[in-house]
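Notes to accompany the following structure.
Numbers restart at 1 for each chain; the letters A, B, ... are given by sequence-line order, proteins then strands.
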Amino acid sequence: GQQLNQSPQSMFIQEGEDVSMNCTSSSIFNTWLWYKQDPGEGPVLLIALYKAGELTSNGRLTAQFGITRKDSFLNISASIPSDVGIYFCAGHGSSNTGKLIFGQGTTLQVKP
Amino acid sequence: GAGVSQTPSNKVTEKGKYVELRCDPISGHTALYWYRQSLGQGPEFLIYFQGTGAADDSGLPNDRFFAVRPEGSVSTLKIQRTERGDSAVYLCASSLQGAEQFFGPGTRLTVL
C-alpha cells in the first residue's frame, strides 16, 4: 500500500543531543501527524499539524507542516533515554476517507 | 479516561481457522479504524467506520476480511480461512473528529 518516505530509518545518538527526522510524500495532505510507538504498544499521538507552514511544539518536540503540504519534520531537543522508540509520520487526506497513511518509521536509540 | 482497548492481546491460530478480534473505542468517539502493522513497517489502513456503517473499506485485502460495528461502539474484525501471511499486529483506533486518531495496544495475530 501507499506509504510516506520517512528518513532516516534509524538513529543512534547520545543523551542530550538534538534529533531531526522528516517525512515526504508525492501527494498533498491536509493534516500531518507524528506518533511514537514503544515495543508491544500502539502508536501514541505526539503532535498534529493542520495548516501549511504551521510550526507546533509539545514540550521538547517541535514539528512543522511543509509549505508544499507534501512534507513534515519533527525535532526533538535535548534527548533523554525515554525518547527511545519508533517515530512515525502520518498524513491525512480528507475527512471523507478517514484513513491515515503512515511512513515506515524512524527508530531512535539514545545512549545515556 | 479509558483509552482504546483491544482483545485478545495475542492470538495464535492454525492456517485455515477463523478468528475474531475485538476493539472497544474511547467512549463517545464516533469514528473507528482498523489498521494492520507488519514487522518493521508503519500501520496500513484496513477499514473506517463512522457510526455503525463502514465509510471506507478500501484497505481490506480480500473477502476473507470483514468488520462490523453493529451498535456504533465496539467493533469486531473477522478473518476467515486464515493464512500465514495474515500474521501481523492488528491495531484499532478511534477519533471524535478531525484526523487525530488514538490507538489501542493492538492484537498480535500469529497464523501457524
Heavy-atom check, side chain of B:Gln101 versus side chain of A:Pro43, under 4.5 Å
no
Is it the case that more than 12 heavy atoms not belonging to A:Phe73 sit under 6.0 Å from its CZ atom?
yes
Where does B:Ser58 contact chain A at under 4.5 Å (heavy atoms): side chain, backbone, both or neither?
side chain
A:Gln37 versus chain B, the contacting section by heavy-atom distance below 4.5 Å
side chain
Region of A:Leu100 that comes under 4.5 Å of a non-hydrogen atom in chain B:
both
Under 4.5 Å from a heavy atom of chain A, the part of B:Ala31 involved:
neither
B:Leu112 atom CG, over 12 foreign heavy atoms within 6.0 Å
yes
Does any heavy atom of chain A fall under 4.5 Å from the side chain of B:Gln37, the backbone, both, or neither of them?
side chain
Select, from A:Thr31, A:Ile86, A:Leu45, the one with the greatest count of heavy-atom pairs under 4.5 Å involving chain B.
A:Leu45
In terms of heavy-atom contacts, B:Glu100 and A:Tyr50 come closest through OE2-OH, 2.7 Å
Between the CZ atom in B:Phe103 and the CD atom in A:Glu41, the distance rounded to the nearest 0.5 Å is 13.5 Å
Is it true that atom CD of A:Gln14 has more than 12 heavy atoms of other residues, nucleotides or ligands lying nearer than 6.0 Å?
yes
Using the ring centroid of each side chain, check whether B:Phe45 and A:Phe102 are separated by less than 6.0 Å.
no
Going by heavy atoms in the side chains, are B:Gln41 and A:Phe88 under 4.5 Å from each other?
no
